[in-house]
Undergrad: 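Got a structure for you, written out below as structure tokens; questions coming shortly.
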There are 2 protein chains.
Amino acid sequence: MNKATSHNIVIVDDHSLFASSLEKLVNSFEGFNVLYHAKNGKDLQQKLKQYSEVPELILLDLNMPVIDGFETMQWLHENQKSIKVLALTMEDDERKILKMLSLGAKGYLLKDIHPDKLNEALVQTLEKGYYHSEKVAESLLHSLHSNDSEKPTFKEREIDFMKLACSEMTYKEIADKMNLSPKTIDGYRQDLFNKLDVKNRVGLVIYALKNDISKI
Amino acid sequence: MNKATSHNIVIVDDHSLFASSLEKLVNSFEGFNVLYHAKNGKDLQQKLKQYSEVPELILLDLNMPVIDGFETMQWLHENQKSIKVLALTMEDDERKILKMLSLGAKGYLLKDIHPDKLNEALVQTLEKGYYHSEKVAESLLHSLHSNDSEKPTFKEREIDFMKLACSEMTYKEIADKMNLSPKTIDGYRQDLFNKLDVKNRVGLVIYALKNDISKI
DNA sequence: ACAACAAACAGGAAAAACCCTTTTTTTAAA
DNA sequence: TTTAAAAAAAGGGTTTTTCCTGTTTGTTGT
């Protein structure tokens, strides 16, 4: 395979072991060549400036520190519209899929796909401009039927509170730690219970853990 | 590189994309050759029987369906003692590290390590019989200091109760569901708080989730 | 039948969580 | 500078949780 006809790919993933491995895999595909990989969105922005060669396609992981996949996608869509992006992630999360596609991603790949499918996805994205696996298409249809309300947004302080609520601290202790009156904390609690439609603190804790607001 | 002097490796990971990618990476290392990869513990057991060539080393992911990393490790330790195993996982969880090493793993690798470190780990494990990264060694020391007492045992009903406690139900509702008096539930609660050294229900919930008594 | 023991249950009370409404303070905008 | 909106705080009440110390019930072995 001569490089002239090769399609240049960039991989963005914070797990360098996976990124390096994936690079080998992509390089083994006929007609593809990995230019470099980036650890996160910030790193990607720098490297896009630094290197003269612009990739045709980016494989973008969603779960990254510093600048996550969504922000990176947004930035790419605004600043590097010519580069096609395929989102790459572990979880089959409807909201995330929708969000990425609405931000301009050309497709959404789950990390447990077969290597051949990845090859297919790369080829198809470059040829047709998009790739959608059966599984993802299914998820999308499902989400259209169950028109679940949008994921609520949280204020900085609410997130702080939720994290502390996922501990053995009483609300009074949380109030002390956040330098607020217990009554203010009670207000946060109430707002969150309503917003998240939970009945008590255990419900809040479970929500926070499910949505990676807090980790244990 | 001639195959005769090559060390045979097997990869066990349910994410076939990662497994395939990792295979390419390992094959690119001097002196290593990937025989095959398995999707889970069950698949591995079958393939070990099926193939005549026995690997020297297995790279074993922990988060797998069907038969998880721990069970697989146990089985390997009992049935294939000659094969060295390196655990491979995303999370840096002290308990999991300890558990795997106590089950006979030769080392514990985090998936975000640099490819060079992986190479080093493979070489060292085959030469010295073990590999421990600085990070893991650190975790181990930490856990030695905090000599946590043995994991307590639970009665059937206590486990039922813990699972229900990881929900928005009140204790009264839990009592109804378990066909017990609320006062009995209160007894379970109190015993568990003492046994697990937690202060309140949130502490209990977190314990149950951390120890896979309940899943969310 | 009876000791020995665990599981189930209970009374009572303080602490914490929960709920609804209203007021004060702070911040941002017109 | 007045005004509107958001954040913080509070009043005042109900319910649930938490804690302690018992008693009753059921099971098992001898």
Side-chain angles (χ1 to χ4, degrees), chain A residues 70-71 148-216, chain B residues 148-216:
Chain A
F70 299 107
E71 284 181 77
D148 44 0
S149 49
E150 281 303 298
K151 191 176 194 168
T153 56
F154 302 108
K155 302 177 196 95
E156 215 58 33
R157 238 51 248 269
E158 282 182 326
I159 292 175
D160 294 342
F161 166 68
M162 274 195 278
K163 285 181 179 168
L164 292 171
C166 295
S167 78
E168 297 190 26
M169 275 188 270
T170 65
Y171 289 137
K172 180 165 178 342
E173 289 168 338
I174 292 175
D176 281 350
K177 189 147 213 164
M178 288 178 69
N179 284 114
L180 290 170
S181 149
K183 281 298 185 178
T184 306
I185 292 299
D186 193 42
Y188 283 8
R189 183 196 54 71
Q190 190 120 342
D191 285 350
L192 283 168
F193 280 19
N194 289 333
K195 188 147 65 176
L196 305 178
D197 197 33
V198 299
K199 285 192 186 62
N200 53 36
R201 184 161 164 184
V202 174
L204 182 66
V205 167
I206 289 168
Y207 179 92
L209 294 174
K210 264 189 183 165
N211 292 275
D212 281 322
I213 288 156
S214 174
K215 288 168 237 324
I216 55 171
Chain B
D148 43 0
S149 48
E150 281 304 297
K151 195 174 194 167
T153 57
F154 302 108
K155 303 178 194 92
E156 215 57 34
R157 283 312 251 181
E158 281 183 327
I159 292 175
D160 294 342
F161 165 66
M162 275 195 277
K163 285 179 180 170
L164 292 171
C166 295
S167 79
E168 297 189 25
M169 275 188 269
T170 66
Y171 289 136
K172 177 160 181 346
E173 289 167 339
I174 292 174
D176 281 349
K177 189 146 215 166
M178 289 178 70
N179 284 115
L180 289 170
S181 150
K183 281 298 182 181
T184 306
I185 292 299
D186 192 43
Y188 285 5
R189 184 196 54 71
Q190 192 128 340
D191 284 350
L192 284 168
F193 280 19
N194 290 332
K195 188 147 66 175
L196 305 178
D197 197 32
V198 299
K199 286 193 187 61
N200 52 37
R201 184 162 165 185
V202 174
L204 182 65
V205 167
I206 289 168
Y207 178 92
L209 294 173
K210 266 190 182 166
N211 292 275
D212 282 322
I213 289 158
S214 174
K215 291 168 234 325
I216 55 170

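When reading the values below, keep in mind they use all heavy atoms of this one structure, side chains included, and skip hydrogens, waters and symmetry mates. Below, read A as the first sequence line, B as the second, and so on, with proteins coming before strands; counting in each chain starts at 1.
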Undergrad: Could you run down the sub-3.5 Å N/O contacts of the protein with nucleotides 23-28 of chain C?
TA:
none

Undergrad: For a side-chain contact (heavy atoms from CB on, under 4.5 Å) check, start with the C-alpha distance between B/Y207 and B/L192, then their side-chain angles and the critical distance, and finish with the verdict.
TA: CA-CA 10 Å; B/Y207 178 92; B/L192 284 168; over 6 Å; no
Undergrad: Using side-chain contact (heavy atoms from CB on, under 4.5 Å), reason through A/L204 and A/F161 one step at a time and then give a plain yes or no.
TA: CA-CA 11 Å; A/L204 182 66; A/F161 166 68; 3.9 Å; yes
Undergrad: Let me know the distance between NZ of B/K155 and C1' of C/dC5, rounded to the nearest Å.
TA: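 The answer, rounded to whole Å, is 12 Å.
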Undergrad: Return the value, rounded to whole Å, for the distance between atom CG of B/L180 and atom P of D/dT25.
TA: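 Rounded to the whole Å, the gap is 16 Å.
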Undergrad: What's the separation between atom CD1 in A/I185 and atom CG in A/D176, rounded to the nearest 0.5 Å?
TA: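 CG of A/D176 is found 9.5 Å from CD1 of A/I185.
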Undergrad: OP1, OP2 of C/dA8 versus side-chain N and O of B/Y188: anything below 4.0 Å?
TA: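 Yes.
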Undergrad: Without decimals, in angstroms, what is the distance between B/I185 CD1 and C/dA10 P?
TA: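 Value for this atom pair: 12 Å.
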Undergrad: Using whole Å, what does the distance between atom P of nucleotide C/dC9 and atom CZ of B/F161 come to?
TA: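 Whole-Å distance recorded here is 14 Å.
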Undergrad: Mind checking the CD1-CD spacing from A/I213 to A/E158? Nearest 0.5 Å is all I need.
TA: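 A/I213 CD1 to A/E158 CD: 9.5 Å, rounded to 0.5 Å.
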Undergrad: Indicate whether OP1 or OP2 belonging to C/dA8 is found under 4.0 Å from a side-chain N or O atom of B/T184.
TA: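 Checking C/dA8 against B/T184, no side-chain N or O comes under 4.0 Å of OP1 or OP2.
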Undergrad: Separation of A/E156 atom CD from D/dA6 atom P, in whole Å?
TA: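 Distance check: A/E156 CD to D/dA6 P gives 18 Å.
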Undergrad: Please round to 10 degrees the angle between the axis of the first five pairs and the axis of the last five pairs in the helix from C/dA1-D/dT30 to C/dA30-D/dT1.
TA: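 The value is 30°.
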Undergrad: Would you tabulate the nitrogen or oxygen pairs shorter than 3.5 Å linking the protein to nucleotides 17-22 of chain C?
TA:
unit_1 : atom_1 : unit_2 : atom_2 : d
C/dA17 : OP1    : A/R201 : NH1    : 3.1
C/dA17 : OP2    : A/Y171 : N      : 3.0
C/dC18 : OP1    : A/R201 : N      : 2.9
C/dC18 : OP2    : A/Y171 : OH     : 2.5
C/dC19 : N4     : A/D186 : OD2    : 2.8

Undergrad: Got a sec, which residues hit side chain to side chain donor-acceptor pair (under 3.5 Å) with A/D186, two or more places apart in sequence or on another chain?
TA: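 With neighbours one apart ignored, the set is A/R189.
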Undergrad: Rounded to whole angstroms, how far apart are CE on B/M178 and C1' on C/dA7?
TA: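 Distance, rounded to whole Å: 12 Å.
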Undergrad: If I take atom CG from residue A/D197 and atom CG from residue A/N194, how far apart are they, to the nearest 0.5 angstrom?
TA: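 Going from the CG atom of A/D197 to the CG atom of A/N194 covers 8.5 Å.
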Undergrad: Can you check whether B/V202's main-chain N or O pairs, donor with acceptor, with B/N200's side chain at less than 3.5 Å?
TA: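 Pair found, side chain donor or acceptor close to backbone of B/V202.
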Undergrad: Let me know the distance between CD1 of A/I174 and C1' of C/dA16, rounded to the nearest Å.
TA: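 In whole Å, C/dA16 C1' and A/I174 CD1 are 12 Å from each other.
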Undergrad: Show me the donor-acceptor pairs within less than 3.5 Å that the side chains of residues 163-171 of chain A make with the rest of the protein, sequence neighbours left out.
TA:
unit_1 : atom_1 : unit_2 : atom_2 : d
A/S167 : OG     : A/L164 : O      : 2.7
A/S167 : OG     : A/M169 : N      : 3.1
A/E168 : OE1    : B/K199 : N      : 2.6
A/T170 : OG1    : A/K172 : N      : 3.4
A/T170 : OG1    : A/E173 : N      : 3.2

Undergrad: Before giving the answer on side-chain contact (heavy atoms from CB on, under 4.5 Å), spell out for A/K195 and A/F154 the whole-Å C-alpha distance, their side-chain angles and the decisive distance to 0.1 Å.
TA: CA-CA 10 Å; A/K195 188 147 65 176; A/F154 302 108; 3.9 Å; yes
Undergrad: Partners of B/D160 by salt bridge (charged side-chain N to carboxylate O under 4.0 Å, His left out), sequence neighbours excluded?
TA: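 Once residues adjacent in sequence are excluded, the partners of B/D160 under the salt bridge (charged side-chain N to carboxylate O under 4.0 Å, His left out) criterion are B/R157.
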Undergrad: Measuring from A/N211:CG to A/M162:CE, what's the distance to the nearest 0.5 Å?
TA: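 With rounding to 0.5 Å, CG (A/N211) is 8.5 Å from CE (A/M162).
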Undergrad: Rounded to whole angstroms, how far apart are CD on A/E168 and C1' on C/dA15?
TA: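 The answer, rounded to whole Å, is 16 Å.
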